[in-house]
2 protein chains.
Amino acid sequence: MPARPAAHRPTLEAVAARAGVSRATVSRVVNGGAGVRGPLAERVRAAVDELGYIPNQAARTLVTRRNGAIAVVVAEPESRFFTDPFFAQQVRGISRELAAHDNQLVLLLTGGAADHERVGRYLTGGHVDGALIFSLHADDSLPVIARNAGVPTVIGGRPTWPDPDTRRRTLYVDCDNRGGARDAVRRLLALGRRRIAHIAGPLDQPASIDRLDGFRDVLPDIAPGLIAEGDFTPEGGARAMERLLERSPDLDGVFAASDVMASGALRVLRARGRRVPDDVAVVGFDDMVSVAEWTDPPLTTIRQDIEEMGRLMAQLLLHALEPASDPDGVPAVSSIITPTRLVVRASA
Amino acid sequence: MPARPAAHRPTLEAVAARAGVSRATVSRVVNGGAGVRGPLAERVRAAVDELGYIPNQAARTLVTRRNGAIAVVVAEPESRFFTDPFFAQQVRGISRELAAHDNQLVLLLTGGAADHERVGRYLTGGHVDGALIFSLHADDSLPVIARNAGVPTVIGGRPTWPDPDTRRRTLYVDCDNRGGARDAVRRLLALGRRRIAHIAGPLDQPASIDRLDGFRDVLPDIAPGLIAEGDFTPEGGARAMERLLERSPDLDGVFAASDVMASGALRVLRARGRRVPDDVAVVGFDDMVSVAEWTDPPLTTIRQDIEEMGRLMAQLLLHALEPASDPDGVPAVSSIITPTRLVVRASA
DNA sequence: ATCCTTTCAGAGAGCGCTCTCATGCTCGGC
DNA sequence: GCCGAGCATGAGAGCGCTCTCTGAAAGGAT
């Protein structure tokens, strides 16, 4: 890999020569100018402008051990990532927060085990200062890889590792899935529904489990026939709805673990001639604006502020990265659980 | 910005000491091992494994001036980027190709002028070896920024600069928008349609212009009332369709410049009681699987292989980056125009 | 005036790696 | 058996930057 022809960019040295000062002084000015007297700093700044000087990141990183880049690792194939508005919103929140602190976002999608290896190499390679990991399934090795690579990490969603100590030391941001699910079911009960079914997400993901647990908190004696597992896609939601109708034709309420699945369920209910909410009331989860507001009828759902969660993840990570501004030497950051809220529209 | 506590990773030096060779030899082995005798190389490899040595990217970049990362710059706000499946497919193609060559993808979204500045800084900062730029609107400054930053660039879609010399030296990948549009209109003509309207994309984008030009190639005397400008969103397509129906209630064919807009148009046609394709035949553009196959009725459209175009963009850029394997000193790469194809489904 | 403190600027040592160049070795040909 | 060709290895000079350490100058107190 031969070096490319030098782009011939001016270096610190050149600026220093031009301004008639030392490299150190230029460096100070470029990095905020603390401790450099006004006029001198001015002269340096002029030289920087004249030469069009731009710091070389690699050189900087080499000594500071900071990249100014954060990896966003999504454990889903591209197809899901780009299809599901959930990711879009979360990435938007992250991207905002990172940009505000002049950090770059490096997107890593890892669909299968082969990709995991590549992602692991990348994290280990020290290209990024930290990682935000998403959409973990059970036993996912990514966080462990990140930990071994010494890359500070914040996880989106509650992690599931059995070891309580590991768990305690892992930063994550999640919403109150269980509480939200309880609210959803209570809404259906309040509407007088008595045969309430649940379309769960993939049960290897903590969010799905927590929502199912919330459902069971309110309806502990639910028949297993009233629970069907989906996969967070509209088609999965539709299939689950079909199974439920087959097994329990008399159901009068459905709590779907995501708006996207609820949209599929609505389609099936309509096709089967059930009126929503008259015959069957439906509550979703997420309050994904692009979905919940546009279904027919508009979806009653549990709102979680996904974009905000993304922002919080980024914020948490950036805090954790800060060289302990705390006197104790340990920055005071901890995992965050965000609240949920029932949003009533037409479907329940 | 004080240095973080040294992660204490083993360095080349350490490996060299362990294997009892020089740094240079270890470097050679790590980078492919050319010119190192078998047994020695083996010893080095063993030392690497024992110490868990991983090369420091920053140090490498500092000397090679290569960082193994490519920026994908999308001149659209996040909302559009994550909503429009077009980008998803293109990014997928790019991501595949880059991953295959061990290059990282750095995603840069730039919604407004303020972001442009940040992106410019990033490109100029030398974080990436090259850039793929997308979704350019007229007079967009991004390619100029990239050029000034000395960052090799490939553009998605035909660029529009007036200066022919600049244009000639710019690499891009585009599909045969004009030819595809002609095919679309000819299909409608072949079905016996005589009042054919066009829903154009935003006319500050070359793709929209080319498709409109193709439309006019076949129907040079089209009334201006039969052309409405959309914005590549379903809502935009719907609004354009409404305008068209108002102005020309007797239209019997529509060529929409994208499937996404066509889906909006179909909704409006249905709402207005027009049967598709009986009363009004509709042809889209893109053959976006997730859209065209799921509309009601499924959409007849012009297929362009978006993912492949993404792949080609990445390939072109990687070639351009290669240190002139050509004897002439200039790698033989040039812009690419991919073909389009009519895909007949039910809507026309 | 003297001394001490404080502030500002420069010198210089790396950060970890690659790559050129010099060196020493092996080996084939005469 | 000698010489030069050819190849494997080592030595060392940077790449461009940050940061500590030191020295000089400036200010205040005595």
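Within every chain, numbering begins at 1; the chains are lettered A, B, ... in the order of the sequence lines, protein sequences first and strands thereafter.
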Spacing between [X] atom [atom1] and [N] atom [atom2], to the nearest angstrom:
X: A:Leu12; N: C:dG10; atom1: CG; atom2: P; value: 13 Å
X: A:Arg60; N: D:dC15; atom1: CZ; atom2: C1'; value: 16 Å
X: B:Glu13; N: D:dG10; atom1: CD; atom2: P; value: 12 Å
X: B:Arg9; N: C:dG16; atom1: CZ; atom2: P; value: 10 Å
X: B:Arg43; N: D:dT9; atom1: CZ; atom2: C1'; value: 12 Å
X: B:Asn67; N: C:dG16; atom1: CG; atom2: P; value: 19 Å
X: B:Arg28; N: C:dG16; atom1: CZ; atom2: C1'; value: 17 Å
X: A:Gln57; N: D:dC15; atom1: CD; atom2: P; value: 19 Å

If you compare every side-chain N and O of [X] against the phosphate oxygens of [N] (OP1, OP2), does one of them come in below 4.0 Å?
X: B:Arg23; N: C:dC19; answer: no
X: A:Thr25; N: C:dG10; answer: yes
X: B:Thr11; N: C:dG16; answer: no
X: A:Ser22; N: C:dA9; answer: no
X: B:Ser27; N: C:dC17; answer: no

- Item | Test applied, side chain to side chain contact (heavy atoms under 4.5 Å, CB included); reference residue, A:Leu317; option that passes from A:Asp129, A:Thr153, A:Val154, A:Leu312 |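 So the option named by the test is A:Val154.
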- What about A:Arg37: does its side chain form a donor-acceptor pair under 3.5 Å with the base of C:dT7?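 In this structure, the two groups form no donor-acceptor pair.
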- Note on the structure: For B:Asp49, the salt bridge (charged side-chain N to carboxylate O under 4.0 Å, His left out) test, sequence neighbours excluded, returns none
- Which residue lies more 5' along DNA chain D, comparing A:Ala58 with B:Leu40 via nearest heavy atoms: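 So the residue in question is B:Leu40.
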Measuring from the side chain of [X] (C-beta onward, heavy atoms only), which nucleotide among [options] has the closest atom?
X: A:Ala59; options: D:dC17, D:dC15, D:dG10; answer: D:dC17
X: B:Leu62; options: D:dC17, C:dA9, C:dG16; answer: C:dG16
X: B:Thr64; options: C:dT18, C:dG16, D:dT18; answer: C:dT18
X: B:Val21; options: C:dC17, D:dG10, D:dT18; answer: D:dG10
X: A:Asn56; options: C:dA9, D:dT18, D:dC17; answer: D:dC17

- Terminal axes of the helix from C:dA1-D:dT30 to C:dC30-D:dG1 (5 end pairs apiece), angle rounded to 10 degrees, sit apart by 40°
- Relative to the ring of B:Phe87, is the ring of B:Phe134 parallel (under 30°), tilted (30 to 60°) or perpendicular (over 60°)?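 Taking B:Phe87 first and then B:Phe134, their aromatic rings sit tilted (interplane angle of 30° to 60°).
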- Message: Show, in sequence, the C-alpha distance, side-chain angles and deciding distance for B:Arg18 and B:Glu50, and conclude whether the side-chain contact (heavy atoms from CB on, under 4.5 Å) test is met.
- Response: CA-CA 9 Å; B:Arg18 174 117 193 176; B:Glu50 285 163 31; 2.5 Å; yes
- Item | Inter-residue atom distance B:Ser95.OG - A:Leu108.CG, 0.5 Å rounding |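 Here the interatomic distance stands at 9.5 Å.
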With heavy-atom distances below 4.5 Å as the criterion, would you say the side chains of [X] and [Y] are in contact?
X: A:Thr170; Y: A:Arg147; result: yes
X: A:Leu132; Y: A:Ile70; result: yes
X: B:Asn56; Y: A:Thr61; result: no

